[in-house]
Enquirer: 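Let me begin by handing over the structure; questions about it come next.
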Amino acid sequence: MATLKKTTSHPYIPNTVPEVQQAMLEEIGVTDIDELYRMVPKELRLTSPLKVEPALSEYELQRHVDRLLERNRSAKETISFLGAGCWQHFVPAVCDEINQRSEFVTAYAGEPYEDHGRFQALFEYQSLLAELVDMDVVNVPTFDWAQAASTALRMAGRITSRRTALLPATMHPERLRVIRNYLSPQMDCVLVDYMPGTGLLDMADLKAKLSADTAAVYIENPSYIGHIETQGREIAELVHAAGALFVVGVDPISLGLLEPPSRYGADIVCGDLQPLGIRMQYGGGQAGFIATRDEEQFVMEYPSRLFGIAPTAVEGEYGFGDVAYERTSFAKREKGKESVGTQTALWGITAGVYLALMGPHGMREVGETIIRQARYAADRLAELEGVRIRFQASSFKEFVVDFNGTGRTVSDINKRLLEHGIFGGKDLSGEFLAWGQCALYCVTEIHAKEDIDALAAALKAVL
């Protein structure tokens with residue numbers, strides 16, 4: 001048998017022959033491979049050989065994984081008040097039933113020859129979400145809210161030919177890191193301060209930072225720390241007067257009750273679909289959406305797929321397919337504005353099922369339930385000695401609880417609460433150092449009055 005000539009240094013990794021690597025480096029003007037990773041923080045780089053344990057048998061691997069899983073305590077076993085981007089909402093059984101159908105869960109890209117209704121399902125999802133956010137165009141979902149916000153801001157940069165994005169200083173630190181990374185090096189991020197008593201955007205600071213180079217102003221409503229931004233119209237007027245675009249990130253489940261961003265001047269709306277019938281999946285049930293008006297300047301800047309409806313060659317028959325496919329990275333390849341992969345289309349279908357099931361009245365009812373339960377929880381916790389609600393602005397389902405007056409750390413309080421079978425709020429002490437010992441508590445429609453009373457009683461005992 002003829003011996004195959006070895007052409008690579010590793011049998012499964014292409015372009016690892018030293019000579020080939022050197023030619024590639026010279027082509028892009030880089031002298032060393034490490035220069036390609038200069039944006040990766042040093043503490044995240046592997047500086048020693050990777051230690052790979054011997055392969056386990058199937059049974060041994062199953063036992064190992066089961067032991068790891070047994071160390072978890074799920075939100076089903078406890079009462080959880082965690083939120084901060086992945087929230088516990090009720091998931092109707094039909095959502096799981098539909099999204100596990102083989103024609104949806106196994107369809108990779110959903111091209112016509114293997115579609116089985118996937119294009120239509122996504123078209124219906126886009127239509128339903130567009131109605132909820134009061135916009136015309138909605139994309140096939142991105143990976144999560146962070147990517148949706150990043151892409152929305154890059155769209156704004158391309159439309160305005162400007163390179164600065166203004167963002168609220170109260171936003172999720174992890175989301176901010178993703179946005180900074182995604183926008184670099186084409187665009188810069190500048191933070192706008194907040195009012196200490198309410199958490200609302202500091203309008204004076206916004207006015208001072210708006211400039212001829214501002215591509216977009218981005219806010220979140222409700223915000224990461226829970227408050228409802230009531231200055232939307234005023235912000236929009238300032239943004240548009242500066243020739244910039246107004247981008248609003250939103251929790252879609254709030255829109256059954258709160259005014260959609262388009263009503264107060266948003267040009268691009270984005271957010272996460274996870275509250276709409278998607279389970280938390282250990283923090284992984286995320287899917288971002290982007291919505292705009294049906295205007296060419298916006299539509300042609302979407303990097304992701306858009307599904308539309310059109311008549312076919314058969315009279316009276318309609319089909320579903322890509323809109324302006326030529327603008328996507330699938331068509332442009334390396335010349336695309338942004339690279340778009342498989343994405344999270346399955347969660348779009350799930351969100352569509354949820355919205356169809358709930359309808360306008362159901363969405364309003366769940367919104368009213370959430371805001372009522374959250375208000376009750378905030379009032380109960382504020383009764384405890386040494387505890388106060390940090391910001392006084394109206395909130396939806398999340399609010400910041402200040403424990404500085406108790407002399408206890410949030411970390412210690414949460415450990416003690418877990419002994420009572422309760423997950424406390426997210427510890428913010430490492431994210432907003434100036435606030436001291438504060439936690440972000442989340443209350444949704446799944447929290448009954450007795451759950452909130454149990455939290456108040458447990459906190460009283462712990463403190």
Side-chain angles (χ1 to χ4, degrees), residues 121-160 165 175 179 215-222 229 232 235-236 239-240 244-278 286-309 322-324 327-328 337-338 340 343-345 347-352 354-356 358 360 363 367:
L122 286 166
F123 173 82
E124 300 295 352
Y125 145 72
Q126 291 172 176
S127 303
L128 288 161
L129 189 65
E131 184 175 349
L132 182 67
V133 301
D134 192 32
M135 282 291 192
D136 305 312
V137 180
V138 173
N139 68 329
V140 174
T142 66
F143 290 117
D144 58 13
W145 186 340
Q147 191 200 349
S150 302
T151 291
L153 291 169
R154 286 180 64 95
M155 288 170 63
R158 293 193 292 268
I159 292 169
T160 61
R175 190 175 299 144
I179 292 174
V217 172
Y218 172 79
I219 67 167
E220 295 180 345
N221 199 14
E229 180 56 73
I235 295 171
V239 173
H240 293 150
L245 297 180
F246 187 27
V247 183
V248 179
V250 68
D251 176 353
I253 207 166
S254 71
L255 298 181
L257 186 63
L258 303 183
E259 188 176 43
S262 60
R263 302 282 178 84
Y264 50 84
D267 299 297
I268 306 177
V269 180
C270 60
D272 205 303
L273 298 173
Q274 189 268 323
L276 305 181
I278 300 171
Q286 309 291 297
F289 70 87
I290 304 169
T292 65
R293 298 186 293 274
D294 186 12
E295 297 175 9
E296 186 175 357
Q297 66 171 339
F298 292 111
V299 172
M300 297 309 291
E301 291 303 334
Y302 276 93
S304 42
R305 299 177 81 174
L306 305 170
F307 289 140
I309 186 171
D322 285 283
V323 173
R327 71 189 153 68
T328 68
K337 299 179 177 74
E338 297 176 39
V340 177
Q343 302 297 304
T344 51
W347 295 142
I349 294 172
T350 308
Y354 181 88
L355 290 172
M358 297 292 285
M363 291 299 291

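The basis for the numbers below is simple: all heavy atoms, side chains too, and nothing from hydrogens, waters or symmetry mates. For the single chain, residues carry numbers from 1 onward in sequence order.
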Enquirer: Determine, stepwise, if the pair Thr292 / Tyr302 fulfils side-chain hydrogen bond (donor to acceptor under 3.5 Å, both in side chains).
Expert: CA-CA 10 Å; Thr292 65; Tyr302 276 93; 3.1 Å; yes
Enquirer: Minimum heavy-atom separation for Leu273 to Pro141, with atom names?
Expert: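 That would be CD1-CG, 3.7 Å.
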Enquirer: Is there a side chain to side chain contact (heavy atoms under 4.5 Å, CB included) between Leu306 and Asp322? Walk through the geometry before answering.
Expert: CA-CA 6 Å; Leu306 305 170; Asp322 285 283; over 6 Å; no
Enquirer: Hey, could you give me the OG1/CZ distance between Thr151 and Phe143, rounded to the nearest 0.5 Å?
Expert: 10.0 Å
Enquirer: So, taking the atom named CD in Gln147 and the one named CZ in Arg154, what distance separates them when rounded to the nearest 0.5 Å?
Expert: 10.5 Å
Enquirer: For the residue pair Val133 and Phe289, establish whether any side-chain heavy-atom pair is separated by less than 4.5 Å.
Expert: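 SC-SC contact between Val133 and Phe289 confirmed.
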Enquirer: Can you give me the closest heavy-atom contact between Leu128 and Gly352, atom names plus distance?
Expert: CD1-O, 3.4 Å
Enquirer: Working note: Met363 + Ile253, criterion side chain to side chain contact (heavy atoms under 4.5 Å, CB included); need CA distance, chi angles, decisive distance, verdict.
Expert: CA-CA 7 Å; Met363 291 299 291; Ile253 207 166; 4.2 Å; yes
Enquirer: Please examine the side chains of Ile309 and Phe123, heavy atoms only from C-beta on, and report whether any two atoms are closer than 4.5 Å.
Expert: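 Yes; the side chains approach each other to less than 4.5 Å.
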Enquirer: Got a donor-acceptor contact below 3.5 angstrom from the Gln126 side chain to the Phe307 backbone?
Expert: yes
Enquirer: Give a yes or no on whether Glu131 atom CD has more than 12 heavy-atom contacts from other residues, nucleotides or ligands under 6.0 Å away.
Expert: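 It does not: Glu131 CD has 12 such atoms or fewer within range.
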Enquirer: Check each of Thr142, Asp144, Asp251 against Asp272 using the side chain to side chain contact (heavy atoms under 4.5 Å, CB included) test, and report the only one that passes.
Expert: Asp144
Enquirer: Can a salt bridge be assigned to the pair Arg327 and Glu296 using a cut-off of 4.0 Å between side-chain N and carboxylate O?
Expert: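 A salt bridge is absent here (no side-chain N lies under 4.0 Å from a carboxylate O).
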Enquirer: With heavy-atom distances below 4.5 Å as the criterion, would you say the side chains of Pro261 and Phe246 are in contact?
Expert: no
Enquirer: At their closest point, which heavy atom of Val248 faces which heavy atom of Ala266, and how far apart are they?
Expert: CG2-CB, 3.7 Å
Enquirer: Looking at Asn139, is its backbone amide N or carbonyl O close enough to the side chain of Ser304 to form a donor-acceptor pair, meaning the two atoms are under 3.5 Å apart?
Expert: no
Enquirer: Could you tell me if the side chain of Leu129 sits less than 4.5 Å from the side chain of Leu276, heavy atoms only?
Expert: yes
Enquirer: Check whether any side-chain heavy atom of Tyr264 lies under 4.5 Å from a side-chain heavy atom of Asn221, and answer yes or no.
Expert: yes
Enquirer: Nearest heavy-atom pair of Glu229 and Glu220: which atoms, and what distance?
Expert: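 Heavy atoms only, the tightest pair is CB-O, 4.5 Å.
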Enquirer: For the residue pair Gln286 / Thr344, report whether a side-chain donor-acceptor contact shorter than 3.5 Å exists.
Expert: no
Enquirer: Quick one: do Glu338 and Glu301 satisfy side chain to side chain contact (heavy atoms under 4.5 Å, CB included)? Show the steps, please.
Expert: CA-CA 10 Å; Glu338 297 176 39; Glu301 291 303 334; over 6 Å; no
Enquirer: Salt bridge between Arg293 and Asp136, side-chain N to carboxylate O under 4.0 Å?
Expert: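 Here Arg293 does not pair with Asp136 in a salt bridge, since their nearest N and O are not under 4.0 Å apart.
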Enquirer: Does the side chain to side chain contact (heavy atoms under 4.5 Å, CB included) test come out yes or no for Leu153 and Val247, once each step is laid out?
Expert: CA-CA 7 Å; Leu153 291 169; Val247 183; 4.2 Å; yes
Enquirer: Which pair of non-hydrogen atoms, one from Gly256 and one from Leu132, has the smallest distance, and what is that distance?
Expert: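 So the two residues come closest at N-CD1, 4.4 Å.
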Enquirer: Between Leu258 and Pro222, what is the shortest heavy-atom contact and its length?
Expert: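 Here Leu258 and Pro222 meet closest at CD1-CG, 4.2 Å.
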Enquirer: Measuring only between side-chain heavy atoms, which start at C-beta, is His240 closer than 4.5 Å to Asp267?
Expert: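 A side-chain contact under 4.5 Å exists here.
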Enquirer: Indicate yes or no: at least one non-hydrogen side-chain atom of Leu255 is less than 4.5 angstrom from one of Val250.
Expert: yes
Enquirer: Could you tell me the separation between the CG atom of Leu355 and the OH atom of Tyr125, rounded to the nearest 0.5 Å?
Expert: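 Result: 8.5 Å between the selected atoms.
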Enquirer: Mind checking the CD1-OG spacing from Ile179 to Ser150? Nearest 0.5 Å is all I need.
Expert: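 Going from the CD1 atom of Ile179 to the OG atom of Ser150 covers 4.5 Å.
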